[in-house]
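Worksheet: one structure, shown below.
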2 protein chains.
Amino acid sequence: MTTVQDQRDSRAKHETGPASLSAAAVPVVDLRVVLFTVAEGELLIALRDGHELRLPSNLPLPGQSLDSAARRIVLSMLRRPEQYIEQLYTLSAVDLRERWTIVVSYMALIASNDVPSGSPPPIWLPAHELGSLEVIDRMVADYALVRLRAKLGYTNIAFHLLPETFTLTELQTAYETILSRPLDKRNFRRRVIASGILLETKQKRRDGSHRPAALYRFRADHDPGTYLTPPWAGVVDAETAA
Amino acid sequence: MTTVQDQRDSRAKHETGPASLSAAAVPVVDLRVVLFTVAEGELLIALRDGHELRLPSNLPLPGQSLDSAARRIVLSMLRRPEQYIEQLYTLSAVDLRERWTIVVSYMALIASNDVPSGSPPPIWLPAHELGSLEVIDRMVADYALVRLRAKLGYTNIAFHLLPETFTLTELQTAYETILSRPLDKRNFRRRVIASGILLETKQKRRDGSHRPAALYRFRADHDPGTYLTPPWAGVVDAETAA
DNA sequence: GCAAAAGTGTTGTGTATACACCCATGG
DNA sequence: CCATGGGTGTATACACAACACTTTTGC
């Protein structure tokens, strides 16, 4: 019945015609990032503090991949690149100002130690206290959390929440914080060692009055990377597409 | 350093200034669907036949979810709703006519028997012969294939490629076609029966000169549904967001 | 020598794989 | 009676969960 051409034509009419439905007939494309970190046994999400708390967001630029645009958001928040980023989902919504918006959401991870924070610094809100967020932000953040937890089961993304070197106990604590349940020490260590993703440094960390812990490093080369994400994620800039 | 407001401002400059990079400063949002079916032992993708073969596409409408818009694409191709649909990925690219486009891609599944095909009917191309597609379409289709194969392993989506009743051999053949490798009959049957997603009808299908096959039905109520897809996929229309 | 965290093995249970023959029917 | 696809069971390897004690250090 309807061909591509038909549809493009009817859209063109919309563009020039009056904005119906109190939403303009051409959408704004808006990126939002759910930036996680783990600190003091809590999973935190970075928010911008304006009139109200909002997920950090940005508009894409022509000739730039969406993934770069998402990374720019993180940079503007922290003055540091994230350690992991992944696209989540895209949805169409009408925002508070009745603007038709296409929201492309991302999840990002970073280690909490010495994150410098740009100005203004982000507000770090515990992931289970998102009640104050605006509806769309709330949905996006909730979904990011679901996905993060699910991915702990079959990927190694949790490493990206830790600094360059870390102890196995720190790693386990990160898992437990995100999942909010305790894990068995021996089983955890066995699995993570067997996965081959750890590089044992010769160093030890001596903390308090107890046995020092071995320090490990994340083997980026043994990381399958961004798992059910397309191979070309982040690669399609103007050059590539031409 | 840079706040949301800053970024919106600098973007506003772009909008009113000259379109740099030969791409307009406001993107077109374009949905594309990779519609799969299995027929005669081949995995096929539906394409529109214009000047060249293209993935079926569409533009979203304000106040409508992207998922509805994607479903509209399928309807316009087949005059039937799909049996399964899922969002894949969103990317930014500059198309052949140098228009800056945000491409939101979807994967959809349908049974091949008695699909009526709208006019003009789609061209069904084998999934391993996508060489003739335009770059973006090609990437999208390739990724859809990766995701479909991956999901066979941990979901039941393959059912959505079959008609309402089917034999276990038909189901197995669908899996084998998509994975392009043979599966063990006994193990396959054991697993699929154990999963509890099959409803055994009392009917049998008598084909040729051999034992008749039991017919099964898909238990939609036992299907976890759209798996790593957000719960609100397709729900966020104008009403919901307000 | 004691408090405090690091580190280490075994056993059972369930899940996935490999593999070969009999069954029901039509012609 | 034979050709054709439908249907069934067992043995083995591997992954995962449960569970408790010894080691090294600082004070």
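Below, chains carry the letters A, B, ... as their sequence lines are ordered, and counting in each starts from 1.
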N/O to N/O distances under 3.5 Å, protein versus nucleotides 2-5 of chain D:
from	atom 1	to	atom 2	distance (Å)
D:dT4	O2	B:Ser209	O	2.9

Phosphate-side-chain proximity, A:Arg189 and C:dT8, N/O vs OP1/OP2 below 4.0 Å: no
Contact nearer the 5' end of DNA chain D, comparing A:Arg206 with A:Arg190: A:Arg190
Those residues of residues 170-178 of chain B lying under 4.0 Å from DNA chain C by at least one heavy atom: none
Interatomic distance where CG belongs to A:Asn187 and C1' belongs to C:dG12 [whole Å]: 13 Å
Candidates D:dC19, C:dG7, D:dT25 - which lies nearest the side chain of A:Asp184: D:dC19
Set of ring pair (Phe, Tyr, Trp, His ring centres under 6.0 Å) partners for B:Phe188, sequence neighbours left out: B:Tyr175
Plane angle bin for B:Tyr143 and B:Tyr89 - parallel if under 30°, tilted between 30 and 60°, otherwise perpendicular: perpendicular
A:Ala213, nearest nucleotide to its side chain (from C:dG7, C:dA24, D:dG7): C:dG7
Check: A:Ile45 and A:Val34 side chains under 4.5 Å, non-hydrogen atoms: yes
Check: C:dA20 base within 3.5 Å donor-acceptor of B:Arg186 side chain: yes
Qualifying residue, where the test is side-chain contact (heavy atoms from CB on, under 4.5 Å) with A:Phe36 and the options are A:His160, A:Met107, A:Glu82: A:Met107
